[in-house]
Each structure stands twice: as structure tokens, then as C-alpha cells.
Amino acid sequence: MRNRWGILAIIFLVRLTMAFQFQSVAAVAPLLQQTFGVGLPDIGLLIGLYFTPGVALALPGGAIGARFGDKATALAALVLMMAGSAAMAFGDGWSFQIAGRLIGGIGGVLLSVQLTKMTTDWFAGKEIATAMGIAINSWPTGIAVALLTLPAIGTWGGPAAASLAVCAAIALGILLLLFYQPPPASTAGAARFARLDRPTVAAVMVAGAIWGLFNVGFAMILSFGPSLLVERGWTVAAAGSAISLALWISAISVPIGGMLADRTGRPHALLVGGSLGIALLLVLLTRSDAVIPIVVGIGLVSGLPAGPIMSLPARVLAPQTRAIGMGLFLTVFYAAMMLGPAIGGRLAGLTGSAAAALDLGAAVVLVCPLLLWLFERIAASRPKPA
């Protein structure tokens, strides 16, 4: 296949499998608790473990792809993801769930890095923002599909059946990726590396913290929202379907947010307004019975700051520092996503309700505007290039 939009469709569907696997734990969390006799703190830890390998592998992930090839590395990543879900499906103890989650997470990190590069190779200099927006939307779409399908599958056949469904989705991803071809003349060019000065390192890490905390806040509704609704008497399937609305709607609001930021020239206003809006809606969700309107509101608001946040590293990174800088950015993101659900699960266990995790999500999102102010201070203090 040589049509770049066809290639983007392949990348979108393959990347969707990573989101599908990530959400497979939260989608059947009540069933996992019943099957293995664990509590919400254990569920939170299991959710966060998927991002643990990213702390170590985000930086060297690009080098691994350069050594073995993008397509080969992506295929190996999918095989690791399938092995992780297979271990969770056939393992008869909680230790197998932990091991499988880590193995799947290793594959997920490698796949994320390679698919981002492959998208850039095909679209550099031509609709790159549009292509990246579409590729990013595979994440909420995959999570929404998981919330719609896996609770019903898990209710029918148990958590093992849900894990096998993830294996089937990954197998489809492997088949699709076989049709991927590199662009006729790669526009990526040879990778060049340069040292990052301290202000740039600080700015990139703050930007990564903003992206990480913003996603932690949004992840709380995905990870613990179904459990919160089950506490209120909802069925597992109904709870997953209701929470999935936020994902479907955010898939639309993400590109809208990017377009608004570009056309109005006020990306910071979208970031601050979106953060305040999500925090308020998360607090309302734990204290109101108007579940569907609140979830719809979260979906509308949550996508608006995504583009402005992802554009922050480009403000301080030169072309020769972009590869290592984005690796650092993603390392901080993965660290936040590893710790956030685990802490949320611990709080839910201590209080006896998943509502505590959503309140934590509201609190961390409120930190994002403060970090944006810090980012601007650091960016303004950097020495200007000649």
C-alpha cells in the first residue's frame, strides 16, 4: 500500500489495539476483584503497571527501531502485547496478571514510539497536524470500544475471555501491519542528536508533567468510573457503556481543540479552561446522579486542551534535540500515568469508594494551569538561539 491515507488508516487501527489492551483491566475491574479476591488498590496498581515500562523504554525506543527497523520492531511489540494478554488469560493467579500486564506494557511502549515515527515519515511537511490528530484519536476510540465490548464478554466468560478478546484484536493488528510499507523517499532524514541545556530539560519535563497529570485526571474516570457506577447499583456492562461516552465524544473534541487553538491563537486559554472544566465535572460525577450529562460534558471538554499541550515541547526543542526531547517528554508522561492509577486505587481502598480516585483526578488536573505558568517562565528565561 502506497497511499498515505491508507497507511494512516492502518496505523490508526494498529494503535487502537494498544488502547484496547490498556483499558481491558478497568473494563472488567469488578470481575477481576471477584475472580482473584483483590481490592481496588490492586486494580489501580494493575492499571498503572501498563505504563511502567515506558519510564525506562521511552528514551531508547527510537534507537531500538532504528537498529531493527520500524516495521519489524512494531511487529515484535505486537507479539509482546499478545503474549502479555495470553498470560493474563491462561494464568491462574494474580502474579500472572501482573506479569502479563508488564509484558503487554513493554510492547505497548515500543509500539507507540514506532507508530509515531512511522506517521511522521509519511506526513512530514504535508498535513502532519491532521495526521497526528487522527492517530492520537485511536487512543480514545480504542478505550471506548473496550468499554463497550469487554464488560459484556467478561460477564459471559470471565476475565480470561476478555483477555482472549484482546489477543484477537492484537492478532488483527499484526495482520494489518503486514500491509504497511515505508514511504518511497523517507522524509524523516538521519537522526541527529544534541545535548539539551538545563532550561530546556526543565521546560520539557514540566510540559511532560502537564500532559501526564492531565491524562491522569482523564484516566480516573476511565479506570474507576465503571467501579463507581457499579457501587451505585449499575451492571458492569451498563457502567462501561455509560463511561465510554466520554471517549467517543473526546475523539471529536480533540481535533476541534487543535483547530480552535490554531485559529484563535489562544492555546493557553483552551488548556486552562479545559483543565478547570474537567476538574469541576469530575467532582460533580462523584456527587450527582446526572451521570450521562456529566460524562458527555467530560467528553466535550477533555479533548480541547490535548493539541495545545502536545504543542508545548515544540516551543523549546530545536530539530536536532527533538528526538531526545520528546523521549524525555514521554518518560515524564509515563511516570505520571504509572503512579496516578496506583495512588487512585490506594485512596479508593482506604475510603471504601471509587469516588476518592475521581476526586484525586480533579485535584491533579487543577495543577496543570500552575505548571503552564511555570513552563512559560522557564521558556522565557532560555537563551535565544543566534
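What's counted below: heavy atoms across the whole structure, side chains too, no hydrogens, waters or symmetry copies.
- The CG atom of L148 sits 5.0 Å away from atom OG of S241, with the distance rounded to the nearest 0.5 Å.
- Heavy-atom neighbours of R377 CZ from other residues, nucleotides or ligands within 6.0 Å: at or below the threshold of 12.
- In the displayed structure, F36 atom CZ is contacted under 6.0 Å by more than 12 heavy atoms of other residues, nucleotides or ligands.
- Closest approach of L32 to P159, counting heavy atoms only: CD2-CB, 3.6 Å.
- Aromatic rings from F22 and F51 are positioned such that their centres are separated by under 6.0 Å.
- Note: L13 CG to F20 CZ = 13.0 Å, rounded to the nearest 0.5 Å.
- L16 and V254 fall into different hydrophobic clusters, where Ile, Leu, Val, Met, Phe, Trp and Tyr residues are linked whenever their side-chain heavy atoms come under 4.5 Å apart, directly or through other members.
- Scanning both residues, A246 and V295, for their nearest heavy atoms gives N-CG1, 3.5 Å.
- Atom CD of residue Q97 and atom OG of residue S163 lie 6.0 Å apart, to the nearest 0.5 angstrom.
- Counting heavy atoms of neighbouring residues, nucleotides and ligands inside a 6.0 Å radius, atom CZ of R287 exceeds 12 of them.
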Under the side-chain contact (heavy atoms from CB on, under 4.5 Å) criterion, do S227 and W234 qualify, and how do the steps go? CA-CA 9 Å; S227 296; W234 293 51; over 6 Å; no
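- With respect to D42 and R346, no salt bridge is recorded, no charged nitrogen being found less than 4.0 Å from a carboxylate O.
- If you take SG on C368 and CH2 on W373, they are separated by 15.5 Å, rounding to the nearest 0.5 Å.
- With I298 as the fixed residue, the side chain to side chain contact (heavy atoms under 4.5 Å, CB included) test singles out one of V301, V296, L300, I294: I294.
- Rounded to the nearest 0.5 angstrom, Q23 CD and T149 OG1 are separated by 10.5 Å.
- Between the CD atom of E231 and the OG atom of S353 there is a distance of 4.0 Å, given to the nearest 0.5 Å.
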